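To keep things clear, I will list the structure first and then write my remarks on it.
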There are 2 protein chains.
Amino acid sequence: MRTTRQREAILRVVRSADSHPTADAVYDAVRKEIPGISLGTVYRNLKLLAEAGEVMAMENAGCSSRFDGCTEVHHHFRCEVCGRVFDVADMLGSDIDRVVEAQTGFEVRGHCLEFRGVCASCGEVSGRE
Amino acid sequence: MRTTRQREAILRVVRSADSHPTADAVYDAVRKEIPGISLGTVYRNLKLLAEAGEVMAMENAGCSSRFDGCTEVHHHFRCEVCGRVFDVADMLGSDIDRVVEAQTGFEVRGHCLEFRGVCASCGEVSGRE
DNA sequence: TTAGGTGCAAAACCTTTGCCATCCC
DNA sequence: GGGATGGCAAAGGTTTTGCACCTAA
């Protein structure tokens with residue numbers, strides 16, 4: 001991966017941001033330094049940097065919202081191969097929310113936990129991934 | 001909330017789905033029963049049903065992807081009021097992945113955990129929410 | 001009767017992509 | 001020099017919205 005002025009600036013912005021900026025926020029910040037940069041470049045580089053492990057993409061898991069008929073507390077497992085989502089029984093309870101409240105001082109109302117990996121049928125097919 | 005043919009069908013589809021359908025998948029399924037239903041109606045109803053607690057929306061947290069300069073394992077806290085995202089130190093380790101592997105038989109590669117609630121500054125302001 | 005819901009289509013977003021010029025190595 | 005990268009603008013996909021008509025209560 002080549003080093004360009006744009007890429008360096010984008011990386012610097014994301015690294016130094018106290019918040020967790022959206023692509024658009026990164027764009028705004030970088031434009032202060034490189035007014036002519038384009039939004040497309042920001043997207044391209046964020047993607048590349050995330051793939052290279054230089055920054056982390058907070059996953060919206062790459063796809064559109066999904067809905068779940070089960071309103072009980074439970075978690076999800078998303079297959080990275082086929083994209084399907086499976087339910088996983090809760091095993092944390094709300095104790096963990098209290099832990100985070102103590103740690104942050106914020107009012108914690110809940111959490112969601114998503115596992116990712118390869119589901120049984122995709123594991124069989126590829127076998128060696 | 002009024003009971004309409006469309007709304008009933010949408011609820012039934014989401015409730016009985018084994019998967020976690022996207023809005024579009026719900027649209028497809030409902031159209032088998034009500035060919036004339038519109039995608040807009042599906043979106044509207046999914047949103048209403050989620051607000052009413054009848055179904056669950058798997059959160060993409062209602063906004064665009066965010067990026068994080070910290071590549072260490074950690075979790076997030078999202079303030080439901082201001083939308084800001086804060087880091088939370090990891091307290092689970094990867095043991096939990098092993099638990100889910102045993103439970104599901106799937107290959108678990110990782111997880112992400114997001115807490116939601118009200119952050120300190122928003123809590124101060126409203127005080128009584 | 002009438003407030004709320006529907007269908008339709010356009011608009012609003014967010015993100016990706018194609019193309020050509022430009023720049024790093 | 002040559003391939004990777006950037007700028008620009010158009011396209012793509014998802015979700016929302018305005019409006020006129022319809023329907024459950």
Side-chain angles (χ1 to χ4, degrees), chain A residues 1-14 17 19-68 78 80 82-85, chain B residues 1-14 17 19-68 78 83-85:
Chain A
M1 189 158 56
R2 226 178 248 183
T3 304
T4 64
R5 208 158 59 93
Q6 291 87 341
R7 185 163 298 159
E8 279 181 328
I10 290 168
L11 183 54
R12 195 166 354 96
V13 163
V14 177
S19 57
H20 295 70
T22 59
D24 208 64
V26 174
Y27 177 53
D28 281 345
V30 174
R31 255 196 309 184
K32 286 177 185 147
E33 181 179 337
I34 309 177
I37 196 171
S38 80
L39 186 55
T41 296
V42 172
Y43 272 103
R44 256 189 302 243
N45 279 301
L46 285 173
K47 196 171 185 183
L48 286 169
L49 290 168
E51 280 166 5
E54 299 286 329
V55 305
M56 250 184 149
M58 285 185 55
E59 339 238 341
N60 291 356
C63 59
S64 45
S65 307
R66 288 168 176 273
F67 295 86
D68 193 336
R78 190 185 299 263
E80 291 179 329
C82 64
R84 271 186 296 176
V85 175
Chain B
M1 187 156 60
R2 211 180 263 181
T3 303
T4 65
R5 209 157 59 91
Q6 290 86 340
R7 185 163 298 159
E8 279 179 328
I10 290 167
L11 184 54
R12 192 165 359 95
V13 163
V14 177
S19 57
H20 295 71
T22 59
D24 207 63
V26 174
Y27 177 53
D28 281 344
V30 174
R31 254 196 310 184
K32 286 178 185 149
E33 181 178 337
I34 309 175
I37 197 171
S38 80
L39 185 56
T41 296
V42 172
Y43 271 104
R44 260 188 301 242
N45 279 302
L46 285 173
K47 194 172 187 182
L48 285 169
L49 290 168
E51 280 166 5
E54 300 284 330
V55 304
M56 253 187 147
M58 285 186 55
E59 339 239 340
N60 291 357
C63 58
S64 44
S65 307
R66 289 167 177 273
F67 295 86
D68 194 335
R78 190 185 299 264
R84 271 185 296 177
V85 175

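Bear in mind the structure is a predicted one, so any value in this text is a computation, not a measurement. First the proteins, then the strands, lettered A, B, ... as listed; each starts at 1.
At the phosphate of D/dT16, neither OP1 nor OP2 sits under 4.0 Å from any side-chain N or O atom of B/Y43. Here B/S38 reaches the OP1 or OP2 of C/dG7: one of its side-chain N or O atoms lies under 4.0 Å away. Side-chain N/O atoms of B/K47 include one lying less than 4.0 angstrom from OP1 or OP2 on D/dT16.
With hydrogens and angles ignored, the 3.5 Å screen pairs a side-chain donor or acceptor of B/R7 with a backbone N or O of B/R2.
Here A/M1 contributes atom CE and A/E54 contributes atom CD; the two are 5.5 Å apart, rounded to the nearest 0.5 Å. The line from CZ of B/R44 to CG of B/L39 is 10.0 Å long, rounded to the nearest 0.5 Å. In this structure, the separation between OG1 on B/T22 and CG on B/D28 is 8.0 Å, given to the nearest 0.5 Å.
A heavy atom lying under 4.0 Å from DNA chain C marks the following residues of residues 1-10 of chain A, by number: A/R2, A/T3.
Using a 4.5 Å heavy-atom cutoff, the side chains of A/V30 and A/Q6 are not in contact.
Annotation: of the two residues near DNA chain D, A/R44 and B/L39, the 5′-most nearest-nucleotide partner is A/R44.
B/Y27 has its OH atom 15 Å from the P atom of D/dG13, to the nearest Å. Computed from coordinates, the B/E51 CD to D/dT15 C1' distance equals 14 Å when rounded to whole Å.
Across all strands shown, A/I37 has heavy atoms under 4.0 Å from sugar-phosphate atoms exclusively, and none from any base. A/N45 comes within contact range of the sugar-phosphate backbone alone, with a heavy-atom separation under 4.0 Å but no base atom that close.
Put simply, the residue from A/N45, A/T4, A/V55 that forms a side chain to side chain contact (heavy atoms under 4.5 Å, CB included) with A/I10 is A/N45.
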